[in-house]
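All remarks here apply to the structure that follows.
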Amino acid sequence: MRQQVEKQLNKIEASNKFSKAVFFGNNQEFTVATIEEQNIANNCKRLIQNTIILWNYLYLTKKHKEAPTEEQKSDIVKTLKQSSIIHWSHINFYGEYDFTRSSKKVHDLISNKNEKSV
């Protein structure tokens with residue numbers, strides 16, 4: 001029973017570390033004055049966390065589907081049961097993000113939208 005409790009405590013600790021990793025600016029302190037602004041900042045943090053967790057699930061689902069043998073598939077499931085989906089080492093929180101280049105598909109969608117609205 002102690003081992004099960006320790007596993008759960010480790011998962012909670014990982015969740016807390018994940019929260020700090022996402023909310024890394026300003027020493028994890030809110031710099032906004034109103035409760036509404038704090039709620040917006042907190043919900044944005046939660047959205048980012050859920051997005052990372054969703055990406056992890058989608059990636060692992062793909063790996064599970066692509067596993068060539070049933071043994072490898074069961075190993076993936078076993079590993080997931082013994083660990084947590086909360087991992088963020090593959091995420092670059094401190095990088096530069098450039099959204100100025102849009103793909104042709106996005107450009108076509110925007111162009112079609114503008115033509116319809118004119």
Task: Within-4.5 Å side-chain heavy-atom neighbours: Val5 and Leu9 - done: yes
Open item on the list: Does any part of the side chain of Glu36, heavy atoms only, come nearer than 4.5 Å to the side chain of Asn39, both counted from C-beta?
Closed with: no
- [ ] Mind checking the CZ-CG spacing from Arg46 to Asn50? Nearest 0.5 Å is all I need.
- [x] 8.0 Å
TODO: Check whether any side-chain heavy atom of Trp55 sits under 4.5 Å from a side-chain heavy atom of His90, and report yes or no.
DONE: yes
Open item on the list: Minimum heavy-atom separation for Lys11 and Lys81, please, with both atom names.
Closed with: NZ-O, 4.4 Å
Task: Exercise: identify the closest heavy-atom pair between Lys73 and Ala67 - done: CE-O, 3.3 Å
Open item on the list: Among Thr51, Ile48, Ile52, Val22, which residue satisfies the side chain to side chain contact (heavy atoms under 4.5 Å, CB included) criterion with Ile91?
Closed with: Ile52
Task: Contact summary for Ile86 and Ser15, nearest pair of heavy atoms - done: CD1-CB, 4.0 Å
- [ ] For residues Leu60 and His64, determine if any side-chain heavy atom of one lies less than 4.5 Å from a side-chain heavy atom of the other.
- [x] no
TODO: For residues Ala21 and Trp88, report the shortest heavy-atom separation together with the two atoms involved.
DONE: CB-NE1, 3.4 Å
Open item on the list: On a heavy-atom basis, which atom in Lys45 and which in Ser19 lie closest, and how many Å separate them?
Closed with: NZ-OG, 3.1 Å
Open item on the list: More than 12 heavy atoms of other residues, nucleotides or ligands under 6.0 Å from NZ of Lys7: yes or no?
Closed with: no
